Amino acid sequence: MTTSAARTRVGRWRPGMIRPMCPTPGAEVVRTRFAPSPSGHLHVGGARTALFNWAFAKHHGGVFMLRIEDTDQRRSSEAAGLAFLADLAWLGIDWDEGPEFEGRGGGSAGPYFQSQRLDLYAREIERLIAGGHAYRAFETPDELEAKRQAARTANVPYRYDRAALAVSDRDAATWLSEGRPHVVRLRVPDDREIVVQDQVLGEVRIPPGELDDFVIRKADGFPTYHFAVVVDDEAMGVTHVLRAQEHLYNTPRHVLLQDALGYRRPVYGHLPLIFNADGSKMSKRDRDRALRAAVRDRGVTGARSIPAELFRTWLSENERQLDLDSAVALAEELGVELPEINVDDFRRAGYLPGVLVNYLSLLGWSPGGDIEKFSMSFLVERFSLDRIGRSNARFDREKLKAFNLDAIQGMGSGSFEAALRGHAAAFHPAFLARLDDAGFRLFATANHERCRTLEEPFRLCQFLVIADDAIVYGADRAVRKALGADPETLVRAAHDALASAASWDAESIAAALALCAAQHAEGKLGKVAQPIRVAVTGTTVSPPIDVTLVMLGRASTLARLRRFLEHLPAITQQATA
RNA sequence: GGCCCCAUCGUCUAGUCAGGUCCAGGACACCAGGUUUUCAUCCUGGGAACAGGGGUUCGAAUCCCCUUGGGGUCACCA
């Protein structure tokens with residue numbers, strides 16, 4: 001494969017030019033698709049691919065489809081499920097055709113599961129065989145592996161040797177009638193250069209002889225990915241294929257197949273890949289890797305949230321993955337932030353769907369100029385293939401977080417509260433049980449200006465859902481500093497002042513504490529607030545002290561202050577140790 | 001290793017296709033001050049890049065070539 005010397009982007013269109021696929025307006029409706037294999041939750045990389053296909057279709061008033069590529073019987077039997085449908089819906093990426101899900105999907109080009117389209121593939125394969133474009137091959141996987149091995153040893157590139165073509169018709173017929181397992185291979189012309197016009201990368205040329213006769217039907221009768229994709233894209237009228245660059249080398253195969261089958265050729269665009277901040281591949285194993293590192297780093301030997309047996313095997317077997325709930329629990333226990341890789345992880349971590357979409361669209365696309373914060377409708381309005389970048393991008397969680405903060409700060413108090421309530425219902429029901437409506441509203445206001453994610457308020461305010469007699473006091477330097485020289489006097493004074501406060505609201509509490517500060521701390525509120533904060537939360541961080549106490553309620557506050565005083569000798573000893 | 005793709009601050013990028021307005025703009029991160037009862041915010045300022053080498057041109061981040069570096073792919077996975 002070589003790139004043309006002048007990287008002419010033939011077919012790339014610019015404003016004012018006529019689009020190659022739309023010679024006259026309305027002549028052809030743009031149809032794009034996202035075609036994942038059923039593998040549980042949606043990966044951010046997949047989300048970006050889906051987003052671009054969606055945005056492109058919407059920009060042209062076209063149709064965005066979803067198709068499930070479940071032609072791997074082995075993998076599909078693992079019942080990974082279709083959780084990614086909910087992930088797409090959460091992001092606001094709605095599909096016009098595809099599997100039905102909460103009002104989305106349906107359509108006349110279905111079924112949208114490849115495992116239900118086997119008849120079509122069988123018909124098309126027979127057509128290829130009859131036309132001499134494809135042939136049966138009876139080698140076993142072991143035989144092929146031996147040939148590959150031999151090629152490796154000889155240090156030559158492996159290509160299928162077409163041994164099946166040397167088999168006599170009589171033998172082949174006999175084997176076929178015996179029911180001998182076989183695959184079907186495409187007969188790849190080896191005298192033809194293949195040229196692909198990629199809308200992102202430009203012209204890509206593949207010299208003759210680079211591709212071998214690849215398998216299009218497996219021994220189990222299922223089509224391979226290459227075959228199913230090509231047949232379905234034609235049958236479903238797909239006009240544009242946007243997919244990750246890892247598929248670039250598949251495109252010549254698909255072009256060959258289209259030619260052999262007499263199909264039209266969709267427009268292709270290959271998107272740059274997304275990597276972790278450290279340049280490693282984003283993988284679902286990242287989560288377990290981070291947890292193992294933390295466990296080893298701290299010399300932890302067990303976990304409350306995981307059975308000992310499981311913990312041991314998980315720790316020693318690097319391939320082993322914890323289920324999501326266990327991983328989250330362990331992370332909480334260790335105080336580790338889990339690396340997010342699936343869309344669902346980001347939701348759990350408290351990111352707004354619009355922010356994720358915004359950030360994701362910037363990975364490989366740009367509206368140009370200095371614009372980088374925008375809505376989905378802006379994306380639809382401005383999206384175009386000629387603004388897609390060609391080099392791989394790294395996922396920067398800090399920038400995402402900064403965007404999320406900005407979006408949260410920009411929300412009205414009502415919608416922020418609603419969003420926080422939704423997050424609580426999904427992930428922190430204990431807070432809804434603990435706080436009444438007014439309490440939750442206060443919780444929302446107290447956290448609105450200080451949180452970067454919807455998750456942070458719940459972490460910051462753990463003290464709300466811990467029993468009064470279960471507060472654990474920290475023993476670090478921050479706690480020591482917060483307690484100051486004489487916490488006993490201050491906390492005792494605060495207790496008495498708060499006990500006799502006229503009412504339990506922020507104003508009265510602030511007034512009572514200001515008085516304490518005036519009497520015992522030279523008027524410095526911080527000197528009073530910090531010991532109290534430690535006393536009622538166990539930590540040095542919480543919303544402003546008056547709000548913290550209002551949320552907690554008078555009874556809990558006083559009980560915690562008393563308990564703190566009882567435990568004070570042990571606490572100070574521990575903190576100075 | 002073969003084949004292919006890519007290359008602007010630490011990161012995402014604008015600028016590249018139509019060479020001059022770019023001693024390169026923005027954002028995140030970072031550093032230094034400031035505001036703040038903790039934390040997070042917030043405000044002000046700062047450092048920070050055209051991978052290297054050859055060409056073409058009056059002129060190159062922009063066009064060409066080479067080198068280097070990064071990535072993808074080489075399955076009866078998708």
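We name chains A, B, ... by the order of the sequence lines, and we start the count at 1 in each one. The structure displayed is predicted, hence computed values, not measured ones. Note: hydrogens, waters and symmetry copies are ignored here, and every other heavy atom, side chains too, is used.
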Need one value for [X]: base, sugar-phosphate or nothing, where a base atom within 4.0 Å counts as base even if backbone is also close, heavy atoms only.
X: A/His247; value: base
X: A/Asn447; value: nothing
X: A/Gly389; value: nothing
X: A/Phe275; value: sugar-phosphate
X: A/Asn155; value: nothing
X: A/Val215; value: sugar-phosphate

Watson-Crick or G-U counterpart of B/C3, or none if no pair lies under 3.5 Å: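 The base-pairing partner of B/C3, which may sit in any strand shown, is B/G72.
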Base partner of B/C28, which must satisfy Watson-Crick or wobble distances under 3.5 Å: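 Checking every strand shown, B/C28 finds its partner in B/G10, with both distances under 3.5 Å.
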Minimum-distance nucleotide (side-chain atoms of A/Asn250 versus B/G71, B/A78, B/C6):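 Looking only at side-chain atoms, A/Asn250 lies closest to B/A78.
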Nucleotide nearest A/Leu362 (side chain, heavy atoms from C-beta), chosen from B/C12, B/C3, B/G72: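 For A/Leu362, the side-chain atoms sit closest to B/C12.
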Gap in Å between the two [atom1] atoms, one belonging to [N] and one to [M], rounded:
N: B/A51; M: B/G70; atom1: C1'; result: 11 Å
N: B/A18; M: B/U62; atom1: P; result: 14 Å
N: B/A48; M: B/A32; atom1: C1'; result: 15 Å
N: B/A29; M: B/C65; atom1: C1'; result: 37 Å
N: B/G69; M: B/A75; atom1: C1'; result: 29 Å

Would you mind writing out the side-chain donor-acceptor pairs for residues 521-531 of chain A within the sub-3.5 Å range, not counting sequence neighbours?
{"unit_1": "A/Gln530", "atom_1": "OE1", "unit_2": "A/Arg533", "atom_2": "NH1", "d": "2.5"}

Under 4.0 Å protein heavy-atom contact, by nucleotide of nucleotides 26-44 of chain B - B base, S sugar-phosphate only: BBBS-------BBBBSS--
First encountered from the 5' end of RNA chain B, between A/Gly279 and A/Thr224: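 By nearest-heavy-atom nucleotide position, the 5'-most residue is A/Gly279.
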Validation row: A/Asp190, A/Arg162 side chains within 4.5 angstrom (heavy atoms):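 A side-chain contact under 4.5 Å exists here.
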